[in-house]
**Student:** 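There's a structure below that I have some questions on.
Each chain gets a letter, A, B and so on, in the order the sequences are listed, and its residues count up from 1.
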Amino acid sequence: MRAPFLLRRKQADSVGVPGPQCGEPSFLTRAGMQEAQLSRRIGQKKRLLEAEEPGSDLHGAPTPSPTEPRLGQPASLGPQRSVYFSSPKSRSARLGSEFFDQPAVALARAFLGQVLVRRLDDGTELRGRIVETEAYVGPEDEAAHSRGGRQTPRNRGMFMKPGTLYVYVIYGMYFCMNVSSRGDGACVLLRALEPLGGLETMRQLRNALRKGTVGRALKDRELCSGPSKLCQALAIDKSFDQRDLAADTAVWMEHSAPGTREPAVVAAARVGIGQAGEWAQKPLRFYVRGSPWVSVVDRTAEQNTQSGPAVSICAHEAF
DNA sequence: CCACCGATATACT
DNA sequence: GTATATCGGTGGT
């Protein structure tokens, strides 16, 4: 049962990381293998992929671009000021540093509806709307990796400037992706996306890493409905740890389309927090009410949350 | 729908 | 050695 998984790993190893990117850390593990593997798979299935997804997926050549200059190009110089009112002309609604500079709870809520974008080495852009997040508020938060002010090589990203990614390995085989917020040791975990573009590539990436039967096709709802699922679907791994979401060329966040209504938000207890005492109960998980893309629905929390459809909450909501 | 289980890197007792 | 911000398969209700 385990054999196919190991086998795939070995094959990927022997193929090796494409590694053309200057500046990419060379200790890439999974995602490096993912992309190597994906390139091969895409080679095989290119026609299939081209048939679907008229928009953004796979317009480029399957060969990886020679370099991926990941430091200091567009975003840091660019149109930082008008994040909220970016001109209709500039296709870039990219969120800049100032957006991430909010306390964890505010940022966790503000993320809902925004679009996470991942550009692969071959130019493929994968997109998903954020529908579920969790806030980890800092050293006082017993459920946070930064509890008690702990700082280790692993969680350093939590203490870096707002917008810094904190990607860590969980249960030995999966990744979770966080964004540092304002406040030392505070961050926001991304838990679920509504996939918007590059779904077939996401399916490939997810399938490539699944153990056991390789056969069955994943439903759209299984692509990004969980913190580690979305990392698989977007090929996010440890090499993304401590990158700047406001400046990186392979991953960034875009403001939701103008005119998009604020989603009704449910506040619920965080998932997978067992031994964190009172902190385990606090409503620090936020998700879009009614979204089918959320990983775990909490009916009780939905009843206790007074927010109905967006129209009726205006008077009462106290963000 | 649910409970159980195994896989297994990292931090901590 | 033990716990963990998970996932997917199996088998039950």
Side-chain angles (χ1 to χ4, degrees), chain A residues 1-9 27-31 33-34 104-105 107-108 111 130 132-159 165-181 185-193 202-203 205-219 221-234 236-239 241-242 268-287 292 294-299:
Chain A
M1 279 305 153
R2 260 168 252 105
F5 181 61
L6 293 172
L7 210 91
R8 284 202 301 278
R9 290 184 58 157
F27 56 87
L28 289 177
T29 50
R30 294 281 165 79
M33 302 190 303
Q34 286 176 5
V105 168
L107 187 61
F111 274 164
I130 298 168
E132 182 183 356
T133 59
E134 284 177 3
Y136 289 84
V137 303
E140 70 269 34
D141 185 346
E142 286 298 315
H145 290 166
S146 57
R147 62 188 171 278
R150 287 171 166 83
Q151 208 176 151
T152 66
R154 180 179 70 156
N155 70 3
R156 173 129 203 288
M158 296 181 81
F159 295 86
L165 294 184
Y166 167 41
V167 180
Y168 68 93
V169 181
I170 186 165
Y171 294 104
M173 49 171 63
Y174 297 112
F175 298 99
C176 286
M177 175 184 190
N178 300 259
V179 182
S180 177
S181 71
C187 68
V188 175
L189 171 71
L190 304 184
R191 283 200 55 95
L193 308 175
M202 291 181 186
R203 225 183 303 276
L205 284 162
R206 291 266 293 121
N207 257 319
L209 293 205
R210 252 164 10 120
K211 52 181 181 181
T213 51
V214 203
R216 141 176 187 266
L218 289 163
K219 297 170 189 158
R221 295 195 14 187
E222 299 176 295
L223 293 177
C224 301
S225 55
S228 298
K229 294 180 189 174
L230 74 86
C231 284
Q232 285 186 340
L234 298 192
I236 299 287
D237 75 348
K238 189 77 177 161
S239 73
D241 189 38
Q242 297 180 22
R270 292 173 291 184
V271 175
I273 311 292
Q275 307 296 314
E278 302 184 2
W279 284 90
Q281 313 303 325
K282 292 183 185 288
L284 292 173
R285 182 166 68 99
F286 305 98
Y287 65 86
V294 165
S295 70
V296 179
V297 166
D298 186 333
R299 297 290 175 208

**Student:** Just the table, please: protein N/O against nucleotides 10-13 of chain B N/O, every pair under 3.5 Å.
**Tutor:**
{"unit_1": "B/dA11", "atom_1": "OP1", "unit_2": "A/R154", "atom_2": "N", "d": "3.4"}
{"unit_1": "B/dC12", "atom_1": "OP1", "unit_2": "A/R150", "atom_2": "NE", "d": "3.2"}

**Student:** In whole Å, what is the span from the CD atom of A/Q281 to the P atom of C/dA5?
**Tutor:** 14 Å

**Student:** Return the minimal non-hydrogen interatomic distance between A/A143 and A/W279, and the atom names on each side.
**Tutor:** N-CB, 4.4 Å

**Student:** With hydrogens left out and only the distance checked, is there a donor-acceptor pair under 3.5 Å joining A/Y171's side chain and the base of B/dA9?
**Tutor:** no

**Student:** Compare every heavy atom of A/A280 with every heavy atom of A/I273, then report the nearest pair and how far apart it is.
**Tutor:** O-CB, 3.6 Å

**Student:** Using the C1' atom as the reference point in each nucleotide, state the distance between B/dT10 and C/dG8 in Å, no decimals.
**Tutor:** 22 Å

**Student:** Rounded to whole angstroms, how far apart are OH on A/Y136 and C1' on C/dT4?
**Tutor:** 11 Å

**Student:** Under 4.0 Å, counting only non-hydrogen atoms across every strand here, what does A/I170 touch: a base, just sugar-phosphate, or nothing?
**Tutor:** sugar-phosphate

**Student:** Looking at A/D141 and A/Y136, would you say the former's side chain and the latter's main chain have a donor-acceptor pair under 3.5 Å?
**Tutor:** no

**Student:** Partners of A/S181 by side-chain contact (heavy atoms from CB on, under 4.5 Å), sequence neighbours excluded?
**Tutor:** A/A104, A/L107, A/A186

**Student:** Could you check which of C/dA5, B/dA7, C/dT6 has an atom nearest any side-chain atom of A/Y168?
**Tutor:** C/dA5

**Student:** Counting the atoms with a prime plus P, OP1 and OP2 as sugar-phosphate, which does A/M158 contact under 4.0 Å by heavy atoms, base, sugar-phosphate, or nothing?
**Tutor:** base

**Student:** Walk me through it: do A/L190 and A/F111 pass the test side chain to side chain contact (heavy atoms under 4.5 Å, CB included)?
**Tutor:** CA-CA 9 Å; A/L190 304 184; A/F111 274 164; 3.8 Å; yes

**Student:** Would you say A/R206 places a side-chain N or O within less than 4.0 Å of OP1 or OP2 belonging to C/dG8?
**Tutor:** yes

**Student:** Are any of the side-chain nitrogens in A/D298 or A/R270 under 4.0 Å away from the carboxylate oxygens of its partner?
**Tutor:** no

**Student:** Taking all non-hydrogen atoms of both residues into account, name the closest pair between A/D237 and A/V167 and its distance.
**Tutor:** O-CG1, 3.5 Å

**Student:** Write down the distance between NZ (A/K229) and P (C/dT6), rounded to a whole number of angstrom.
**Tutor:** 11 Å

**Student:** For A/C224 versus A/M202, what's the shortest heavy-atom pair and its separation?
**Tutor:** SG-SD, 3.8 Å

**Student:** Which whole-number value in Å describes the distance from A/L230 CG to C/dC7 P?
**Tutor:** 8 Å

**Student:** Separation of A/K219 atom NZ from C/dG8 atom C1', in whole Å?
**Tutor:** 13 Å

**Student:** Given Watson-Crick or G-U pairs with both distances under 3.5 Å, what dot-bracket string fits DNA chain B, with | for other-strand pairs and [ ] for crossing?
**Tutor:** |||||||.||||.

**Student:** Rounded to the nearest 0.5 Å, how far apart are CZ of A/R154 and OH of A/Y166?
**Tutor:** 4.0 Å

**Student:** Please name all residues satisfying ring-ring contact (aromatic ring centres under 6.0 Å, His included) with A/F159, sequence neighbours left out, ordered by chain then number.
**Tutor:** none

**Student:** With sequence neighbours excluded, tell me which residues meet side chain to side chain donor-acceptor pair (under 3.5 Å) with A/S225.
**Tutor:** A/K229

**Student:** Could you pull out the closest heavy-atom pair between A/M158 and A/S146, with the gap in Å?
**Tutor:** CE-OG, 3.5 Å

**Student:** Under the side chain to side chain donor-acceptor pair (under 3.5 Å) rule, collect the residues that match up with A/S295, sequence neighbours excluded.
**Tutor:** A/E132, A/R191

**Student:** Mind listing the N/O atom pairs, protein and nucleotides 1-5 of chain B, below 3.5 Å?
**Tutor:**
none

**Student:** Please test A/D241 against A/L165 for side chain to side chain contact (heavy atoms under 4.5 Å, CB included), starting from the C-alpha separation and ending with a verdict.
**Tutor:** CA-CA 5 Å; A/D241 189 38; A/L165 294 184; 5.7 Å; no

**Student:** Whole Å only: how far is the CD atom of A/Q232 from the P atom of C/dC7?
**Tutor:** 8 Å

**Student:** Please identify each residue that fulfils salt bridge (Lys or Arg N to Asp or Glu O under 4.0 Å) with A/E222, with sequence neighbours left out.
**Tutor:** A/R216

**Student:** Using a cutoff of under 3.5 Å, can you pull out all pairs of nitrogen or oxygen atoms linking the protein to nucleotides 11-13 of chain C, with atom names and distances?
**Tutor:**
none

**Student:** Taking only the side-chain nitrogens and oxygens of A/R191, find out if one of them lies under 4.0 Å from OP1 or OP2 of C/dT6.
**Tutor:** yes

**Student:** For A/E222 and C/dC7, give me the distance from atom CD to atom P, rounded to whole Å.
**Tutor:** 12 Å

**Student:** Output the rounded distance in Å from CG (A/L218) to C1' (C/dC7).
**Tutor:** 11 Å

